[in-house]
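Start at 1 with the first residue, then count along the sequence. These numbers come from the heavy atoms of this one structure, side chains and all, not from hydrogens, waters or symmetry mates. Here the structure is a predicted model, which is why all the values come from computation and not from measurement.
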Amino acid sequence: GVAVVGSGANEEVYVAFQREWNLCDAGGGVRIGLYTPSSGEWVFYYFPLDEVTSPNGGWIGLSELTSLGGGRFAVIERDNQGNIDATVKKLYTFSVNGVTPLPQDELPSDPAAEGFPALSKTLARDILPDLQAPKGLVIEKVEGLAVLPNGDTLIVTDNDGVDDSSGETQLINLGPVF
């Protein structure tokens with residue numbers, strides 16, 4: 001997921017890394033990167049992930065990032081499981097306000113260490129019931145998230161080109177969420 005905030009010299013590009021970057025991130029979370037085009041600088045936040053709860057195992061990661069304005073963002077956090085094995089399909093919000101990101105070479109090696117720029121997340125909606133509502137297979141990959149000018153929130157699934165998938169794509173209007 002990528003979200004661009006501002007423009008010109010004030011432009012900032014936020015990037016949600018889907019899974020752990022390297023062994024330094026192996027603490028139950030992933031990075032949110034902030035790239036500033038005017039300086040070419042990258043700095044990072046740390047986003048805590050839910051625990052894997054699927055009986056089939058798998059992993060948890062982020063698949064989208066959307067700016068809500070004022071330093072607030074929404075993300076899709078999901079497991080890599082579909083159908084009856086799917087257990088984590090959620091929309092979370094977080095704010096970067098008051099959290100100072102760090103460049104790679106200044107990050108503590110342990111995400112649990114003091115000073116690591118960890119974000120706090122707030123559950124906005126568990127979307128698993130929305131994916132179950134059509135009474136078909138629960139699609140694994142919820143990949144897109146958009147908030148319309150009227151406040152409605154849209155999610156879209158990725159059909160993976162029918163590779164280990166039904167080939168179905170769902171576009172779901174959740175109504176106002178944020």
Should Val5 and Phe73 be marked as a side-chain contact (heavy atoms from CB on, under 4.5 Å) after you check the CA-CA gap, both sets of side-chain angles, and the distance that decides it?
CA-CA 11 Å; Val5 177; Phe73 294 86; 4.1 Å; yes
[X] vs [Y] side-chain heavy atoms within contact, under 4.5 Å:
| X | Y | result |
| --- | --- | --- |
| Arg31 | Gln104 | yes |
| Val96 | Pro101 | no |
| Tyr45 | Phe94 | no |
| Val142 | Ile172 | no |
| Thr153 | Pro176 | no |
| Val30 | Gln18 | no |

Yes or no on side-chain contact (heavy atoms from CB on, under 4.5 Å) for Val15 and Trp42, after CA distance, side-chain angles and deciding distance?
CA-CA 10 Å; Val15 179; Trp42 277 96; 3.8 Å; yes
Identify the two heavy atoms, one from Leu131 and one from Ile139, that lie closest to each other, and give their separation to 0.1 Å.
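Where Leu131 meets Ile139 most closely, the heavy atoms are CD1-O, 4.4 Å.
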Please check this pair: side chain of [X] against backbone of [Y], looking for a donor-acceptor N/O pair closer than 3.5 Å.
| X | Y | result |
| --- | --- | --- |
| Asn80 | Trp59 | yes |
| Asn97 | Gly70 | yes |
| Lys89 | Glu140 | yes |
| Thr66 | Ala146 | no |
| Asp79 | Val88 | yes |
| Lys90 | Leu123 | no |
| Glu77 | Asp50 | yes |

At what distance, to the nearest 0.5 angstrom, does [atom1] of [X] lie from [atom2] of [Y]?
| X | Y | atom1 | atom2 | value |
| --- | --- | --- | --- | --- |
| Leu91 | Thr122 | CG | OG1 | 12.5 Å |
| Glu106 | Thr100 | CD | OG1 | 11.0 Å |
| Leu102 | Leu34 | CG | CG | 11.5 Å |
| Gln132 | Asp130 | CD | CG | 9.0 Å |

Give a yes or no on whether Ile84 atom CD1 has more than 12 heavy-atom contacts from other residues, nucleotides or ligands under 6.0 Å away.
no
Is there a side-chain contact (heavy atoms from CB on, under 4.5 Å) between Leu145 and Leu154? Walk through the geometry before answering.
CA-CA 6 Å; Leu145 168 68; Leu154 303 177; over 6 Å; no
Which is it for Thr87 and Gln81 under the side-chain contact (heavy atoms from CB on, under 4.5 Å) test, yes or no, and what are the steps along the way?
CA-CA 8 Å; Thr87 59; Gln81 303 298 306; over 6 Å; no
